[in-house]
Each structure stands twice: as structure tokens, then as C-alpha cells.
Amino acid sequence: MDGAAELLFYVNGRKVIEKNVNPETMLLPYLRKKLRLTGTKYGCGGGGCGACTVMISRYNPITKRIRHYPANACLIPICSLYGAAVTTVEGIGSTRTRIHPVQERIAKCHGTQCGFCTPGMVMSIYTLLRNHPEPTLSQLTEALGGNLCRCTGYRPIIDACKTFCKTSGCCQGKENEVCCLDQGINGLPEFEEGNETSHKLFSEEEFLPLDPTQELIFPPELVTMAEKQPQRTRIFGGDRMTWISPVTLKELLEAKVKYPQAPVVMGNTSVGPDVKFKGIFHPVVISPDSIEEMSIVNYTDNGLTLGAALSLAQVKDILAKVIRKLPEEKTQTFHALWKHLGTLAGAQIRNMSSLGGHIVSRHLDSDLNPLLAVGNCTLNLQSKEGKRQIPLNEQFLKKCPSASLKPEEILISVNIPYSRKWEFVSAFRQAQRQQNALAMVNSGMRVFFGEGDGVIRELAIAYGGVGPTTICAKNSCQELIGRPWNEEMLDAACRLILDEVSLPGSAPGGRVEFRRTLIISFLFKFYLKVSQILKMRDPARYPSLADKHASALEDLHSRHPWITLKYQNANPKQLPQDPIGHPVMHLSGIKHATGEAVYCDDMPAVDRELFLTFVTSSRAHAKIVSIDLSEALSLPGVVDIVTEEHLHGVNSFCLLTKPEKLLSTDEVFCVGQLVCAVIADSEVQAKRAAQRVKIIYRDLEPLILTIEEAIQHKSFFEQEKKLEYGNVDEAFKMVDQVLEGEIHLGGQEHFYMETQSMLVVPKGEDQEMDVYVSTQYPKYIQDIVAWILKIPANKVMCHVKRVGGAFGGKVIKTGIMAAITAFAANKHGRAVRCILERGEDMLITGGRHPYLGKYKVGFMNDGRILALDMEHYSNGGASLDESLFVVEMGLLKMENAYKFPNLRCRAWACRTNLPSNTALRGFGFPQTGLITESCIMEVAAKCGLSPEKVRTINMYKEIDQTPYRQEIDAKNLIQCWKECMAMSSYALRRTAVEKFNSENYWKKKGLAVVPLKYPVGTGSLAMGQAAALVHIYLDGSVLVTHGGIEMGQGVHTKMLQDACQTLLKRLEPIISKNPGGTWKDWAQAAFDESISLSATGYFRGYESNMNWETGEGHPFEYFVYGAACSEVEIDCLTGAHKNIRTDIVMDVGYSINPALDIGQIEGAFIQGMGLYTIEELNYSPQGVLYSRGPSQYKIPAICDVPAELHISFLPPSQNSNTLYSSKGLGESGMFLGCSVFFAIHDAINAARQERGLSGPLKLNSPLTPEKIRMACEDKFTEMIPRDEPGSYVPWSVPI
């Protein structure tokens, strides 16, 4: 095998030739560092977020076709790109040449906020359009299934996509054969068209048309190369690793004999993450390239043979064609596989990963292997010795040597048999999120009745996710053969299978009882499905299904998103040049979409730049006995390791009340605490050295992880905070009823798309420092850097151009890491960069505080609450951070929209051995508000009243007083509530939901409406001050400098809208003399008349105070009011839920920019929905965070957007002393996500009532599929074995 030492591929139409390529290099760092194409972003490194999406194009000389597909650059080894063309976001358009219609539309439809995920979104849509210039909405939502966005809530991105569809206005989901455009959907009254309101945020007429002839062509050289060049094995050798790319089957088999232990890599979606996250190293990798025998599609007499090198996306398309072509009875297995392929991973991974790789990896949660196993599939293997065939059975899946591939064998293709008449195959899966999420349990099931007699001849059932490999329930199936397909058989089958497929209480992955329940819930679904078909085929012989069971088989409500927006038009009396009140596009929108927007890590490397990486504690509470740095320091490229000793006298810094420690080398208080920092010439060298730092620990007691443990050990940060109003104890004596309850809320990860990033550059004179950092609070960075370097603050220049999402998570920890990075830069006189990987970021930075709320409530029989006594406990983590501030804000906002005449609320911040929790959008209110709303729900249930009735009766009445005795005018609150009830057709839909629930036993709908009062302010005058500086230059251009940070909320855009207006006023006398002039003319005239072309603005903040001694104050300037109504449907057998519709009404005052304001509201709503439903952090009993990336931690994806979303602004009524009477809307919408929580609560209640389960329903947040399923108790939840607490060590502890 002589090696072709040259790697040749194309990037954006330009040829790239690499002579000495390192096989360990991935495409993402190559694009970013080597080619300086920084539009492709690093988001997670594991193919789970889509930020690094590029388009790969390959020419197939046999079919003479070019295949374009999306792929994750973070997982593509560049050696695998020989002969391919790569297109990045820079290659499809830029502001310097021309922008592409995809880029223009996503920007002009307001589909970017922080903009970090935008290039990936653009490339996913672009690739789809290359293959389907007029896609359907289904194709679009499928194409974006692998792309995450934390800011927008996806609605504007869907809007942008719809403009490429054939019918862009229509939801494309005809209900009752009527198009949504022909009716007021769901009885939603058509909006009365007035000239005061608008419904569109952009005008489609202005968009550039999509012209497929203008796209980059596939390089002709690559076509010639593929067709003419003699192909031979290519070998690329690096320092540690050799990459072998055979191009014929003969060469592949020879390579496998020579290197039997080398993995065969196709898409690198299985080996890649193992190398990156588990530290597995392969000295040799074999990667077959375009081997014809491995890409075959053969239709034989008894089935379909598919080449092992086909990607899962290709397999899905092939199966779709086969299903259309062949009779249904032959395609049972194909159909089940096709269905699973629709939800398996995202489009990028499906296009990269191969069928053979998926099978041979034998992951315990593989979606396809259980199905292939029950479908009697066989594997065609080949080695130099010859060919053989093995069954894909349980022995193969268990990796038994006798039943598996020998080291020198290759999987060439897979035979999938046709199904037979009277044979039925089904697939089931349940994951934390409906799409792009690994299944917690999945299953393949097949039954064969020799003829129509309903007696089982063959039965095969396999499960994934319930053991170390795919488990086949062989013995149970054997025992059931010969039995008729009826209820007794089902009952026996459930018991047999629970015996055979046993899951220990301490099983990895946790959720043990839920997974046991799914094992038999899936079996029941299969039983019903087969019974239904038997009944259809032979109605006389088979009993019909009980009506109540039919709903178990239907998929959850799914329709394409249909959205309406309604906001106020700008004031008609405004000057035409005045932009206030108009939906102006985000200032950086186009740059986000072209990849030209520069984020911290996009900045080019500075001369002699170093890289810093942190070594963190692996114990939650321990004494560090010793640290050995010698091996790490001896590695090549390692410059230094900074420890606590270096920071003598400057190792702590105080921001709020207590000093925070920077590095800790004596005692650690949480896993993820910073111990020391390694500085090296490159990121790779720094990371390798960090792994060689040897730390010996001695564990200390007590280990406190949960709030309950903190209460038991009295481990609190400070004295309780307390708010009291009225006379609670007296009021309890007067009420009709008293009840007590509690609710627990889990935490939340910020999951900003851009991880913590900083670059510190010493200026070289007077110890001056330039700090480029992704932060929300540059003043704090400046202060802490000045402190650690012992220099005045005026020597530290902190630059923040934009932030790729923050949500509260880029303040305190960012400051600590920036200070250590600055210390290293100062010590060595060289620039130092520090960029956290996603897993490090999630481990180190903490997130939203988990809460425990306890309440005792006294109320009258008509639902009036007269007395409320509450306790809030927040899990603050190991250091104070902003925990006290969060607890105070949570207290001040806890009553939400309700007037409780007698209220006592006490709150504590618990000190635990977890990474310190910090600020996160909503700042304590999403937790305390939910506690109050849960209390309302319980009161309603106890009184036998509807929750909305109890909400209404306790709501603030117009002029009122808050618990801290601040006056409030709640007129707009009541207005929002009434409008939301009307807009959502609440009463009509409540009846419809009840009707649906009475007809469906296994599916339930729920409906809930929640009010919102969100006070805005910081409780301090000084914290609210701000300044700005505006210069007009003589050419008419303007520079605005201000203290706000652009992190997606559009503050620069609003500032410019405002600056324009202020300057217009000053130049009015000049403009009136020359109304037809330009800005340049007016600026020159002003200069000639010595009129100042600079303006400063200063705002001292709102009068704001709070006295915690007396419990009185005026902490807030104004209130944002709103209401949201949500409807969901749940599957009682699996715990899955679907958001059907949400209506939101908000009082936003006078909107400065409706597009940005709507974006903030819906982005916050979707983030809140994630908090209350699917976002779940898992910690081990030793305090180690398991969920460290998008594969374990699920934020909402495009599949979670409500199928219908209606957002309406209240017409402005009250003038306030805010800017243009507008309101800050960034945080308030977060809480409205709990309308989905309570809608699910409502659906679960309906299920429990029908099953005769009375008694209070205690549901904690988040309401994951596990909690939903286990609350819908039935015969299956009763049937499963339960473990005695204390008899096993659980995999995770509820934090």
C-alpha cells in the first residue's frame, strides 16, 4: 500500500492541498484556525447542537450524481474529505459579494438574536434547498431538527423557512380537509382588522428570489478525479495516529488483516465522541472510501440487501421508496425502521453515520438494532478468508466472540427480510425530547400468526436502553408460542417479560421504575396495534377493541406551526425618518447570517499566543493532600501552571457581600471547583497536560448535595430573609379550610450557545491590558482583573462587542476565569486565550437554583385565600455568588398576580457541595412564582373549583398594594387576563378538551391559563444608572457608545433607534433650512455653525429602595403584565407530551421595536417551557454532574414549538416614565412557560380521575416524560417490581 501523502479537497470553491496532514485534526478547528473561516461555530463538539453545520458535496462516478448533505464539522476528520467539496456559511454569500436569500430571510424575518447558532441554521436550510428548491414544511422542520437555538424560540426561523415553501402562509396541515387560510382556525375569531394593529414583522415582497442557477458549482476537477484517476489506498500519518483509506474491497480486507484492532470509521459519529469524551485512542483508523460493494441496494426474492456504508439518511430514503412500491404486508419491518429513522439524531448525524457503523457499535440504546434483531436480519461479512453470513441476534448484540465479527472481518451489507402475510412488526421509543434525543427505552416487536387464526407461531421482542446491550426477551417469547392473541396472553406476557428483562435499582441512567413501566407499556401498545389489524382483516373472528383503547395507537397531535402576531403600529404623527415603534431588523442580523459577526473566539490568534485550560476538582468535599504537577510540566509546549500560591494576597474577590475564592489548592467544596490552570502553546497541549496533573484527595464529611440535607445540617449562607403583610396567625383562625403542601423545582443550565470565552492581550507598556471577553458585566471584569494584577482600573480595557447568549451565566465565574487568564498573560507578557469546552462549561459554571417551596394556606370555600405562610429554600451551591440576591428577588415577586391579604414568606439560601448556582433569566421568580401557582392549583382542587376561577378571585384589583407596601395599578393585568381568555377561546376549548378526554382513555388533553405580574428593577438606584455618548462625524456617520451589552436582545438596535431620534431633534433648525439634504449636509452645516455634534446621555436610575428590616420599600419602577394559555396532549402510556397551542397576551407599554420585543417574549417562553418540562440535570450520589452536553441535557428543539402560537400586545394605555413608555421584556416571559406545566398537570388530573385515583396530586418540576408516565397510574405501573429505598445506591440523586 503506497500512501498518497496529499490530501485534496475543496472549501467554498477553492482547492485545498495538505501535504502533511494530522489525522487527528477535525474539520471544525481546521476551518477556524487554519483557513480562518470562523463563521462555522463550536457549540458542543459532539454533533448535538448544529452550530458547526457545513454542507458536504460528493460525486459518485457510478451513478454520475452529486450528493449534497449537511454534516457536523466538529466530528469530521479532515482525512475523510479527500475528493469532497465543503461549503461553509462564508461560501454561500457575504456582505462583500452578495448575500444569499437564506441569509437575507433569516435576518429580515428576525430569526437571529445572539446569532451564534445562525450560521448552522443557515447551512441546514441551504443544504435542504440545494436538494429541494421548493421544500415542504415537514422537510424544513426535519432539516432543522439537529440545530439548537437558545434565544429565539424558533418561531421566526420557521417564518423565514416558510418563505421558501410553495404555500408559505398555510400551515400545510388540513384539518377536516379545510385549509387554515380558509377559516378562523379552531374557532379562533378572525382578528378585526383595524389600522392600529399590525400582524407582519417583515415584507416578503422585498426578498431576493431563490435562484438555483446561481449556486456554487461542484468543482469539475473533483468529477474528473473520481472518474479518471486510478484509485489507490491513501495513507495519512501523524505523530500519534495513522489514517488508512482503502478504495477497493480487496485493499480494505488487506488493511484489516494487517491492523485487526483498528476501528472502521465511516461517519465518525460513534468513534468520534468516544475519542473526544471518553479519551479512547486508536493508533490506526481504517476509513473505506466509495467501496462499491458496501453501498449496494439489492432487491432479492426474500428481502432487501443494504450496503453497510450507506448513511442512515440514505437508508431512510430507500425504505420510503420501497414502502411506496411494495404491498403493505411485505414492508412491516421497513416501515418500523423508517419511523425510527425519522426521530434518530438530527439530519446532520443521519447523513454522516452509516448503517454498518450503527449496527456494529451495538450501543445499548441503539434504535435500529432491536428492530433488526426481531426482523431476523442477517449480516454479510467478508475477510481475506472469504464470505460468511451471521444472524443479527442477541449473541451478536452481546458481542459474544462466537457470534460476532472476527477482528479481520468487515460488515459488507445487511439483509432485511420482507414481512409475510399475518406477520406484524412495530417499533417504539421514548426519549426526553421527541426528536434528536437518545431513547431511554426503545423496542422492536414482531409476531407471526401462520394464518388468520390468531395463534402465535413466532414472537420476537427486543429492548434497548434496559441493559448493557440490546436485550431480547427470548424465553418469554418461547413460552407464549401457541397461545391465542388475547388479554390473558397479554397479562402473561407482561409478567414473563418483567421477570426476564430485569433492571436493577442502581442501573446506570436511573429512572428505573419508569423504564420498567415502558417495557410493558410498549408491549401493550403492540398488543393493541396487532389486535386492531386482526379485527380489520377478519371482523367476524376478532373482538373489536374497546373504544377507550383506540387512542393508545394514535400519534400525538402534530400539525405544522401556525403563528399569528399582533402589535401596535408606530405613531402616525412621527417623522418619516423616525424609527421608533417599527420592527427594525437586528443591527447585526445580516452579519449573524453570513458568519461575519465576530465573537470572542473568532478573533485571529495574536503573535505567540498561549492557551489556558483549567484543572477542576473531581471530589465534592475533600482535602487536597497533594498536587503533583511534574508530569504535566514536562510535556512539550507546556509553559506554566498557575496555582493558589502564585495568587498570594489576591486569591479572592468580593462582588456582592462575600469574597469568592479564585483557585483552591487546599480544600475543595464541589466537583468542578477550579484548582489550577495549565498554560501551553496550544489548546491540545494544554488539555493533555491538564489530564496529567495528579491530585490526591481525602474526602471530608458531611457531603451535602440536596436542599433536604442542607436543612438537616442547618447549612445556610445567611440568616433567613422575610416578608410579612397583614396578620397571618389571626387569619388562619378565620378561614374555612387549611392545607399544607410542598413542591420541588429542579435547576436549569443556561446553555448559551457560545461557551465561556476570553482573550487577554498585554499592551506591553505600563502594565496595560486588553481583555476581550464574552460577559454581561464588563465593569466587574475590569475590577477583578485590576485587583489580581494590583493595577488601577484605568489600565484595564475590557472589550465586549457581542455575546453569544448569556442569560445570567456570564458574570461571576466569567470574572474569576478572566482574572486568572489575565494573571497568566501578565506573568508571561504574552496573550492568553481561554475557551471552555461545553462539558467543562456545564460542570464549572452552575445554573438556576433548584428550589423547595413549602406552604400552608388558609382559604374560604369560594376559593378566596386569606392566609398564606410560605418557606422558600434555594440550593445555592458551594459559594454565595448571587444566591442571596436571587432569594430576595424571588421573595419580592413571589405573589405573582395575586393579592394575599395576610402573607408570611421566609427564604433561605442553602450552602451545598455543588458548583455555585447563579443568575438565570427570571432571577428567582420562575421558581417562586411556580410555588405560588401550585398552591393555587391545590386550593382549587380542594374547593372543587376551576383553577382559573381561583386565580381570578385572588387577583390584584386595579389600585392595590404589594406585600412590600408599594402601590400598584393592576388594570392592565386584568386586561391581559381577560384578553387572553377571549383570544384563546378558553371556554369553548375547555369543553372540547373535556369531550376529547371522555372519548380517549390513553391520550389526554390539558388546558391551563396563567397570569403574570413581573416587577422590573434591581432594588437599588445605583444599579440602574446608565450613560451613553453619541458622535456625528462630518460624513454623516454616527458612533454610539453605551454601557449596555448586546447578547441577542437587540440593545444596540434599540439604542440606534433612540440615538437617531435624539439627534434629529438637535438638528431640527438645520434640517428645516435644507429639508432635502442628507445627513452629511446637515452635519457639515452644524459644524460650520459650531453646533456640537456630540451628545452625552446620563440616566441616574429609578428611585428604588427596599428595607428588609421593616419589609417595606419601593424596589421596582414598573410592572410587566401578561397571561398565557397553553393546551397540551399527553400519552398516558409513555409520558410523551405535545404542545398543541399557546396564546400569549403581554402589556409591553409602547414598543420601541415590536420585532425584538416579540422575539424576547417567545424566546423566554420556550426557555421557560424547557425549564418546567424537559430540562433535567442529573448528579451522581457523589455530586458529579452527568448531564454535560446536548446529548444528556435536552433544551427545547424545533419539535417542541407549539403547533399554534398566537402572541398579542395589549394596546398601550398607561404612560410611564420609562423610555418612550416602553418596558423591559427580557425576563418576564420565562414564567409563562409554566402554562405548559399546568396544562400537563390538567391532563394528568383527567387521567387520574378516570382511573378512580383521588387524593392530592404532587407533581414536581420539570414534568419530564418519567413524571408524566408515573403519575398516570394504571395496571402497568402497579405490575412492575419496586425496590425498597436503602436497598440499593441510586444512579442519581434528585437535586
Rounded at 0.5 Å granularity, tell me how far [atom1] in [X] sits from [atom2] in [Y].
X       : Y       : atom1 : atom2 : result
Ser879  : Leu914  : OG    : CG    : 11.5 Å
Glu938  : Ile743  : CD    : CD1   : 9.0 Å
Ile968  : Leu973  : CD1   : CG    : 7.0 Å
Phe1237 : Leu1171 : CZ    : CG    : 9.5 Å
Ile1244 : Leu1259 : CD1   : CG    : 4.5 Å
Asn1260 : His744  : CG    : NE2   : 7.0 Å

Strictly below 4.0 Å, N to O, side chains only: are [X] and [Y] in salt-bridge contact?
X       : Y       : answer
Arg904  : Asp729  : yes
Lys971  : Asp1147 : no
Asp736  : Lys942  : no
Arg864  : Asp862  : yes
Arg1251 : Glu1273 : no
Glu994  : Lys1005 : no
Glu871  : Arg906  : yes

For the backbone of [Y] and the side chain of [X], can you confirm whether one donor and one acceptor N or O come within less than 3.5 Å of each other?
X       : Y       : result
Asn875  : Pro850  : no
Ser715  : Ile711  : no
Asn1139 : Asp1200 : yes
Asn913  : Ile704  : yes
His1206 : Asp1143 : no
Arg990  : Leu1007 : yes
Arg921  : Gly1226 : yes
Thr932  : Met894  : yes
Asn1107 : Thr1110 : yes

**OP:** Start with the C-alpha distance between Glu742 and Tyr855, add both sets of side-chain angles, then the distance that settles side chain to side chain contact (heavy atoms under 4.5 Å, CB included), and finish with yes or no.
**Re:** CA-CA 6 Å; Glu742 63 175 58; Tyr855 48 84; 5.6 Å; no
Pairwise side-chain contact, [X] with [Y], heavy-atom cut-off 4.5 Å (strictly under):
X       : Y       : result
Leu1263 : Tyr1172 : no
Pro1265 : His1137 : no
Pro1115 : Gln966  : yes
Glu709  : Thr912  : no
Thr962  : Tyr956  : yes
Val738  : Lys856  : yes
Thr1173 : Ile1240 : yes
Lys899  : Asn954  : no

Among side-chain atoms of [X] and [Y], is any donor-acceptor pair under 3.5 angstrom?
X       : Y       : answer
Tyr725  : Gln961  : yes
Tyr986  : Glu948  : yes
Gln737  : Asn861  : yes
Ser1020 : Ser1104 : no

To check you understand the geometry: which heavy-atom pair defines the closest contact between [X] and [Y], and what is its length?
X       : Y       : answer
Ser1228 : Val1120 : OG-CG1, 3.7 Å
Ser883  : His849  : OG-NE2, 2.8 Å
Cys910  : Ala710  : CB-CB, 3.6 Å
Pro1294 : Thr706  : O-CG2, 3.5 Å
Ser1222 : Ile1152 : OG-CD1, 3.6 Å
Arg848  : Pro926  : NH1-CG, 3.4 Å

Original post:
Do Glu888 and Lys721 pass the salt bridge (Lys or Arg N to Asp or Glu O under 4.0 Å) test, and can you show the C-alpha distance, the side-chain angles, and the key distance before you say yes or no?
Top reply: CA-CA 7 Å; Glu888 290 176 0; Lys721 287 282 176 187; 3.2 Å; yes
**OP:** Quick one: do Lys1223 and Met1146 satisfy side chain to side chain contact (heavy atoms under 4.5 Å, CB included)? Show the steps, please.
**Re:** CA-CA 11 Å; Lys1223 294 189 177 187; Met1146 286 295 263; over 6 Å; no
**OP:** For side chain to side chain contact (heavy atoms under 4.5 Å, CB included), just list the numbers for Cys905 and His872, CA-CA rounded to whole Å, side-chain angles, deciding distance to a tenth of an Å, and then say yes or no.
**Re:** CA-CA 8 Å; Cys905 190; His872 294 164; 3.5 Å; yes
**OP:** Show the numbers, then the answer: is there a salt bridge (Lys or Arg N to Asp or Glu O under 4.0 Å) between Glu1129 and Lys1004?
**Re:** CA-CA 6 Å; Glu1129 186 180 323; Lys1004 294 291 173 204; over 6 Å; no
Subject >> Test side chain to side chain contact (heavy atoms under 4.5 Å, CB included) applied to Thr1142 and Ile1144, step by step >> reply: CA-CA 7 Å; Thr1142 295; Ile1144 296 175; 3.8 Å; yes
Do other residues, nucleotides or ligands put more than 12 heavy atoms under 6.0 Å from the [atom1] atom of [X]?
X      : atom1 : value
Lys714 : NZ    : no
Lys978 : NZ    : no
Arg965 : CZ    : yes

Original post:
Is the NZ or CZ atom of Lys1013 positioned over Tyr1121's six-membered ring, under 6.0 angstrom from the centre and within 45° of the axis?
Top reply: no
Original post:
Of all residues at least two apart in sequence or in a different chain, which pass the side chain to side chain donor-acceptor pair (under 3.5 Å) check with Glu933?
Top reply: Asn896, Tyr898, Arg951
**OP:** Measure the acute angle between the ring planes of Phe1238 and His1241, then classify it against the limits of 30° and 60° as parallel, tilted or perpendicular.
**Re:**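 Because their plane-to-plane angle lies in the 30° to 60° range, the rings of Phe1238 and His1241 count as tilted.
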**OP:** Evaluate the ring planes of Phe716 and Trp908, with Trp represented by its six-membered ring, and classify them as parallel (under 30°), tilted (30 to 60°) or perpendicular (over 60°).
**Re:** tilted
Original post:
Hey, mind stepping through Glu724 and Lys722 against salt bridge (Lys or Arg N to Asp or Glu O under 4.0 Å) and telling me if it holds?
Top reply: CA-CA 7 Å; Glu724 198 156 355; Lys722 184 170 163 188; 3.4 Å; yes
**OP:** Measure from the ring center of Tyr1014 to the ring center of Phe925 and say whether it is less than 6.0 Å.
**Re:**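 When the ring centroids of Tyr1014 and Phe925 are compared, they turn out to be within the sub-6.0 Å range.
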